[in-house]
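Heads up: the structure comes next, in structure tokens.
Reminder, nothing fancy here: chain letters follow the sequence lines and each chain counts from 1.
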Amino acid sequence: MQTKPRQKVLAMNLIKELTWRGMLQDIMPGTEEQLNKEMTTAYVGFDPTADSLHIGSLVPILLLVHLQKAGHKPIALVGGATGMVGDPSGKSEERNMLSEEELNKNIIGVRGQLEKFLNFDVSLPNAAELTNNYDWFKGISFLDFIRDAGKHITVNYMMAKDSVKKRLEGDSGMSFTEFTYQLVQGYDFYWLYNNKNCKLQMGGSDQWGNIVTGTELIRRKTGGEAFAFTCPLIKKADGGKFGKTEKGNIWLDANKTTPYQFYQFWLNASDSDAATWIKIFTFLPEVEINSLIAAHDSNPADRILQKKLAEELTKFVHGDAELEKAKETTEKLFSNAKASVDSLSVEDLESIEGIVKTNYSVDKINAGVDILSFLAENSIFESKGAARKMLQNGGVSINREKITDLQMMVDKNKLLHNKFILIQVGKKNNFLITVD
RNA sequence: GGGCAGUUACCAGAGUGGCCAAAUGGGGCGGACUGUAAAUCCGCUGUCUUUCGACUUCGGUGGUUCGAAUCCACCACUGCCCA
């Protein structure tokens with residue numbers, strides 16, 4: 001062992017590392033040998049369907065990070081070409097195609113985020129790279145493509161894919177565009193294999209079929225061998241969709257999902273999810289994770305795992321400073337939730353980060369506003385009717401006091417430190433209104 | 001091209017002339033309990049509204065009728081079978 005070159009030892013560990021973390025679903029025979037043999041270039045594709053990635057993309061990003069740590073060379077591919085066609089996998093609703101401007105904006109956004117997680121220092125032999133498949137697809141005509149790529153793959157082969165079979169059996173049908181998708185993606189792999197010596201593709205397990213089409217295309221066109229492995233799709237133990245909340249996706253962009261909200265998302269993980277996720281989403285070593293899990297089991301109420309998970313991830317995505325702010329805000333809004341509002345100083349209120357803040361006219365407060373109008377006017381609810389329903393359900397607190405009186409007037413007596421009103425809807429939705 | 005089935009709210013899915021803003025389940029939201037949990041129980045879940053009520057929905061357009069998600073015509077889309 002010790003006599004082997006460094007990268008070989010590390011490479012050995014990559015598959016092992018991913019295995020104990022539960023990040024390995026399918027692996028093509030020979031992949032581990034390839035990784036042991038030499039520094040291997042590998043890629044993962046990302047869809048530029050929005051100008052930010054969300055936490056669903058975090059696992060593929062982490063695969064690239066692990067890969068680079070193990071001494072291999074990661075390529076992050078942004079799907080400019082595939083994004084232009086649009087993935088038609090929705091059903092009755094035709095997906096609106098992205099305009100070129102939008103797409104370019106998205107590509108820039110996604111690239112910017114990927115850059116934060118990988119090391120692009122060109123002096124490294126395994127410096128990360130970013131590519132955009134539009135760069136090669138823009139020069140390929142339809143005829144070129146069907147002769148060049150389509151000739152090598154039979155329809156029978158493509159139909160045998162699970163993703164296709166399911167759609168044929170189901171009642172939603174499948175468009176030609178969608179059917180050819182695996183071939184388009186397969187061509188990406190082929191192109192990277194030829195031009196970047198990229199021999200490995202990784203991705204979520206839903207990508208397995210598409211990835212294999214790529215290795216097949218490479219084999220038939222070049223006789224060469226390419227490899228692949230996938231990671232399991234992240235699920236919640238209760239079967240719910242991972243990464244979605246009532247407010248939508250959890251984004252990696254702080255402007256779309258504040259670090260506080262990001263931190264809260266992980267903090268709210270269920271016990272069993274936290275135990276699974278901490279292996280996948282953090283870089284903590286196995287020994288440490290095991291002891292954290294043991295500590296958590298002995299006293300679940302402390303939520304040791306959730307806290308550690310939230311900390312590590314918020315730090316990874318948003319950095320130390322933002323993590324600290326998120327924790328402070330959490331402290332103010334939850335840890336002292338039973339204490340009266342008076343315990344919050346002006347500074348405390350002013351420095352609360354990441355929750356919804358609005359301004360309200362001082363004149364209206366002086367005159368007094370009924371509670372329903374007040375809530376609606378501050379966009380806390382869409383209408384007075386919605387506000388009323390929530391009040392009747394006992395879901396609204398002002399300055400930590402539950403409001404039950406629908407006729408209540410909001411006036412200057414309600415102001416904290418003469419300028420703030422703290423509103424809670426449910427336990428977790430906080431609004432700070434500044435009156436000036 | 002021919003035959004059959006279908007299109008209902010976030011999803012699934014009842015509803016075949018008035019009692020339908022539309023059963024039920026899931027999901028979501030809020031409450032109680034708790035650990036900012038799980039399980040359980042309760043409430044809300046078309047829009048607006050001082051619970052009265054008003055308005056807009058059942059693929060689309062037009063029609064029949066005092067009255068249509070429901071009947072008729074045409075159109076669109078989807079699935080299955082035959083060619």
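A salt bridge is absent between Lys325(A) and Glu328(A): the closest approach of a Lys/Arg side-chain nitrogen to an acidic carboxylate oxygen does not fall below 4.0 angstrom. Between Lys364(A) and Glu377(A) a salt bridge is recorded (basic side-chain N to carboxylate O distance below 4.0 Å).
The residue among Val396(A) and Glu382(A) whose nearest nucleotide of RNA chain B is located toward the 5' end is Val396(A). With the nearest nucleotide of RNA chain B identified for both Ser383(A) and His296(A), His296(A) has the one nearer the 5' end.
Distance noted for atom C1' between G46(B) and A22(B): 11 Å (whole Å). Using atom C1' as the reference point in both C71(B) and U65(B), the two lie 9 Å apart (nearest Å). The same atom, C1', is picked in A9(B) and in C52(B); the two are 25 Å apart, to the nearest Å. Rounded to whole Å, the P atom of A21(B) lies 15 Å from the corresponding atom of U45(B). Between U34(B) and G53(B), the distance separating the two C1' atoms is 41 Å to the nearest Å. For G2(B) and C72(B), the C1' atoms lie 24 Å apart once the distance is rounded to whole Å. The gap from the C1' atom of U70(B) to that of C20(B) amounts to 11 Å, rounded to the nearest Å. Rounded to the nearest Å, the gap between the C1' atom of A12(B) and that of G1(B) is 35 Å.
Spacing between atom CD1 of Ile371(A) and atom P of U50(B) amounts to 14 Å, rounded to whole angstrom units. Rounded to a whole Å, the OH atom of Tyr263(A) is 11 Å from the C1' atom of U36(B). Taking atom NZ of Lys428(A) as the reference point, atom P of U34(B) lies 16 Å away to the nearest angstrom. Rounding to whole angstrom units, CD1 of residue Ile423(A) and P of G30(B) are separated by 15 Å. Computed from coordinates, the Lys389(A) NZ to C29(B) P distance equals 17 Å when rounded to whole Å. Here U49(B) presents its P atom at 14 Å from CG of Leu406(A), a figure rounded to the nearest Å. Straight-line distance from the CD1 atom of Ile355(A) to the P atom of U36(B): 18 Å, rounded to whole Å. Atom pair Phe381(A):CZ and C48(B):P shows a separation of 12 Å (rounding to whole Å applied).
Judged by distance alone, with hydrogens and angles left aside, the side-chain atoms of Asp26(A) form no donor-acceptor pair with the main-chain N or O of Phe229(A) at under 3.5 Å. With Lys357(A) contributing its side chain and Ile352(A) its backbone, the two residues share a donor-acceptor pair below 3.5 Å. Panel note: side chain Asp370(A), backbone Leu372(A); a donor-acceptor pair is recorded below 3.5 Å.
Annotation: ring-ring contact (aromatic ring centres under 6.0 Å, His included) contacts involving residues 362-382 of chain A, sequence neighbours excluded, comprise Tyr360(A)-Phe374(A).
Using a 4.0 Å heavy-atom criterion, one finds that Lys427(A) contacts the bases of the nucleic acid, with or without backbone contacts as well. Within the 4.0 angstrom heavy-atom criterion, base atoms lie near Gln306(A). Contact annotation for Lys402(A): backbone-only contact, meaning every heavy-atom pair under 4.0 Å involves sugar-phosphate atoms and none involves a base. Residue-level contact check: Gln264(A) touches the bases, meaning some heavy atom is under 4.0 Å from a base atom.
Under the Watson-Crick and G-U wobble criteria, each requiring two contacts below 3.5 Å, nucleotide G6(B) is paired to C77(B). As the counterpart of C41(B), G31(B) is assigned, both hydrogen-bonding distances of the Watson-Crick or G-U wobble pattern falling under 3.5 Å. Nucleotide G1(B) forms a Watson-Crick or G-U wobble pair with C82(B), both donor-acceptor distances falling under 3.5 Å.
The phosphate of G35(B) (OP1 or OP2) has no side-chain N or O of Asn299(A) nearer than 4.0 angstrom. Note on Arg303(A): every side-chain N or O is 4.0 Å or more away from OP1 and OP2 of A37(B).
Ring pair Phe137(A)/Tyr187(A): centre-to-centre distance below 6.0 Å.
The line from CG of Asp348(A) to OG1 of Thr329(A) is 10.0 Å long, rounded to the nearest 0.5 Å.
Considering Ile289(A), Leu62(A), Leu292(A) in turn, Ile289(A) is the only one that fulfils the side chain to side chain contact (heavy atoms under 4.5 Å, CB included) rule with Thr282(A).
A heavy atom lying under 4.0 Å from RNA chain B marks the following residues of residues 266-274 of chain A, by number: Leu267(A), Asn268(A), Asp271(A).
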